[in-house]
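Quick caveat, the model's predicted, so the values are computed rather than measured.
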Amino acid sequence: MGKPLRAVVVEDTAIFRKILSMVIEETKGIELVGEFQNGRSGLDGIRKLEPDVVLLDVEMPEMNGIEVLKAIKQDYQEIGVIMVSGADQRQADNTVKALQLGAIDFIPKPAEKSLIENVAVLKRKIGPLINVFYTRKNLDKIKQITQRIHSDGKQKESTVKQEDLSAEKKILTYPIDLVAIGTSTGGPYALGEVIPKLPSNLEVPVVVVQHMPPNFTASLANTLCKKSNVTVVEAKDGDVLEPGKVYIAPGGRHMIMKNSGSAKGKVVIRLDDSPPQHGCRPSVDVLFKSIADNFQGNVLAVVMTGMGSDGTEGVRAMKKGRCYCLIQDEASCVVFGMPKVVFENKLADEMIPLSGLAGRINELVRLSRQEKKSC
């Protein structure tokens, strides 16, 4: 048994500080070493205690969560930061900003009726993240998860290698008509490295599922749109897919593709409230399977960082038609879960570092459509 992770809680509300402390005490592989009620005292405590994990409130007196996070990232790249956020739009905006600054994930503050219920809700959310930290730390594969997010040249050795896939990059003999992306933990940062690098003249639409609750996906879409050459929107029911536009599934609802019934055979976005899949709504599999059932063109699937297996069966369904699949490589993932399962099921065509994903997406779309025009 390896040493437990050392955790610090920085939260200004006494009741949530108590809830978070109880969650840590009841979670295997982690121990609480400090509690602080504002950002400034929290940062001082982090410098003294040098924890492995910080649970950091977004809004606090003295210093807010964004300011504390920036200071941590400047001096302690190895510390993993999990943001704790309320559900209003302002906190959602700040949480998305924190994720794009290098926080590995966030947990919404629960609003259950009892202390025990709130602890149970948070334990279900925090437990898997702590398991990832604990396993990787004690297997000595990496020093800490967030060190890999930033391109500082320090990369862990991958257990899955590019040569396990096809030896050479392919030039497709069919045109890509749609790019479909699925991601989860670490996704907001990863999407921030991919979407802004897509060209303004992208000839195909892009659909994205990022596991997030309501409000947060709207913030993500707005943030990405400001940084990008393409238009990025939170998808609405009835949206018709347009080239050069990125549609992000709204939190709390599945996004599916449906035939419009028009003579031109257009596909429209529908939003669906059916039960979660893989514990998620929106789900990557729900989107991908609907593409397989209703989209007549050829698809470039991209599965990026995230826990679990959401997306694998959707890729399998799309590969019954023409679907080429890229996965993000292990070294650049916050959690190499979703891409790994796609790889293990022999559904991946190429494995690409995060820094190269946008370029490869652009290349595959551009070259495949040039081939179409020259025919």
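You'll find the side chain of Arg40 stays beyond 4.5 Å of the side chain of Leu43, heavy atoms only. Side-chain contact between Pro188 and Met212 is present, with heavy atoms from C-beta onward closer than 4.5 Å. Contact annotation: the side chain of Leu172 approaches that of Tyr324 to within less than 4.5 Å [non-hydrogen atoms, C-beta and beyond]. Side chains of Leu115 and Lys18 form a contact here, defined as non-hydrogen atoms less than 4.5 Å apart. Here the side chains of Leu224 and Gln100 are in contact, with some heavy-atom distance below 4.5 Å.
Checked against Met304 for a side chain to side chain contact (heavy atoms under 4.5 Å, CB included), the options Val208, Thr185, Ile181 give a single hit: Ile181. Residue Asn345 forms a side chain to side chain donor-acceptor pair (under 3.5 Å) with just one option from Arg316, Lys340, Glu313, and that option is Arg316.
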| message | With side chain to side chain contact (heavy atoms under 4.5 Å, CB included) as the criterion, how do Leu241 and Val207 come out once you've worked through the C-alpha distance, each side chain's angles and the decisive distance to 0.1 Å? | response | CA-CA 9 Å; Leu241 296 181; Val207 289; 4.0 Å; yes

| request: Given side chain to side chain contact (heavy atoms under 4.5 Å, CB included), test Leu202 with Val179 step by step and report yes or no. | output: CA-CA 10 Å; Leu202 187 71; Val179 177; 5.6 Å; no

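Hydrophobic cluster membership is shared by Ile269 and Val267, with clusters built from Ile, Leu, Val, Met, Phe, Trp and Tyr side chains linked at under 4.5 angstrom.
Ionic pairing of Lys258 and Asp272 is not present here: no N-O contact between side-chain nitrogen and carboxylate oxygen is shorter than 4.0 angstrom. The pair Asp57-Arg17 does not count as a salt bridge, with every side-chain nitrogen at least 4.0 angstrom from each carboxylate oxygen. Residues Glu67 and Lys70 are not paired through a salt bridge, judged by the lack of any N-O separation under 4.0 Å between the basic side chain and the carboxylate.
Within a 6.0 Å radius of NZ in Lys319, other residues, nucleotides and ligands contribute more than 12 heavy atoms. Atom CG of Leu49 is surrounded by more than 12 heavy atoms from other residues, nucleotides or ligands within 6.0 Å. Within a 6.0 Å radius of CD in Gln37, other residues, nucleotides and ligands contribute 12 heavy atoms or fewer.
For Ser219 and Gln89, the side-chain atoms include at least one donor-acceptor pair closer than 3.5 Å.
Within the model, atoms CG of Leu271 and CZ of Arg253 stand 4.5 Å from one another, a figure rounded to the nearest 0.5 Å.
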